[in-house]
Amino acid sequence: GQFKLGRLVAQGGFAGDNIIPEEKRLSKFNGRITCPTFNLAADTRAAKLVLDYKGIKEKFFVSKNVCHGVLYTNDTHEQLEKIKDKSQSLQEIYHVMSVYLNKPGKHEKAFHDPLTACCAVDLSIGQWKDVQLYMDEKTKEWGSVINENPNVKIIVDYDH
C-alpha cells in the first residue's frame, strides 16, 4: 500500500471495435471486442492488482491489436543496416533480426515490446483513449470500454 509510481507503460490489453476507429483496425482483429492477450492473461491476478491499484498515477497499455501493426520486415532490415554501426544496441538488433529473417518462412516479425519501449520513452508516439480494461470472466479474454474518468489509457494508433 505504500508503493507509488507516477507512470506505468505496459504491453498488453485489447482495444476492440468499440474503441478503435474502423479505418485503423487490423483485419485480423476486425469484429472483436475482446481477445486473448498473453501479457495480462499470464497472471490475471497481478494484472487486476495493477489495474485496481491507486498508487499508480497513470497507466498506459499498448494494445495487442495496435502493436501487431508494427512489423520488422526485410525493408526495415535494409534501413537498419545503414545505421547499425552507430550503437551496440543497433548492431545487436540487426544481428538478431538477421538470424530470424534467414529462417524459412520468416519474412516479418511483429515488434510488440519495442513499440511499448518507445512509448515509455515518448508517449506522444501513441494516440491514447481513456478506458477501463477488463477481463471477460467467461472467455478469459481482455477488452476495454471508454471511461471518461480513469487513470488508464490504451493505445489506438501510433506514429510510425
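Index from 1, following the sequence.
The environment of CD in Glu137 is crowded: more than 12 heavy-atom neighbours from other residues, nucleotides or ligands sit within 6.0 Å. Remark: Lys24 NZ is loosely packed, at most 12 non-hydrogen atoms of other residues, nucleotides or ligands lying under 6.0 Å away. Environment of CD in Gln2: sparse, with no more than 12 heavy atoms of neighbouring residues, nucleotides or ligands closer than 6.0 Å. Within 6.0 Å of atom NZ in Lys140, more than 12 heavy atoms from other residues, nucleotides or ligands are found, so the atom counts as buried in its surroundings.
A distance of 6.0 Å or more separates the ring centres of Trp142 and Tyr134.
A distance of 8.5 Å separates CG of Leu26 from NE2 of His68, quoted to the nearest 0.5 Å. To the nearest 0.5 Å, atoms OG (Ser144) and CD1 (Ile20) are separated by 8.0 Å. Between the OG atom of Ser63 and the NE2 atom of His112 there is a distance of 10.5 Å, given to the nearest 0.5 Å.
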Show your reasoning for whether side chain to side chain donor-acceptor pair (under 3.5 Å) applies to Gln11 and Thr116. CA-CA 6 Å; Gln11 195 272 313; Thr116 303; 5.3 Å; no
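Contact check for Lys109 versus Tyr100: side-chain heavy atoms found under the 4.5 Å cut-off.
For Lys57 against Asn151, the heavy-atom pair with the smallest separation is O-CB, 3.1 Å.
Hydrophobic cluster membership differs between Ile146 and Phe29, with clusters built from Ile, Leu, Val, Met, Phe, Trp and Tyr side chains linked at under 4.5 angstrom.
With 3.5 Å as the limit, one finds no donor-acceptor pair spanning the side chains of Asn39 and Thr37. At a cut-off of 3.5 Å, with distance as the only test, no side-chain donor of Thr73 or His107 sits close to an acceptor on the other residue.
Salt-bridge check for Arg32 with Asp17: failed, with every basic side-chain N at 4.0 Å or more from each acidic carboxylate O. By the 4.0 Å N-to-carboxylate-O rule, Lys4 lies too far from Glu58 to be salt-bridged with it.
Figure legend: Lys64 and Phe14 shown without cation-pi pairing, the cationic atom not lying both under 6.0 angstrom from the six-membered ring centre and within 45 degrees of its axis.
Among the candidates Leu51, Val131, Ile155, the single residue satisfying the side-chain contact (heavy atoms from CB on, under 4.5 Å) test with Phe61 is Leu51.
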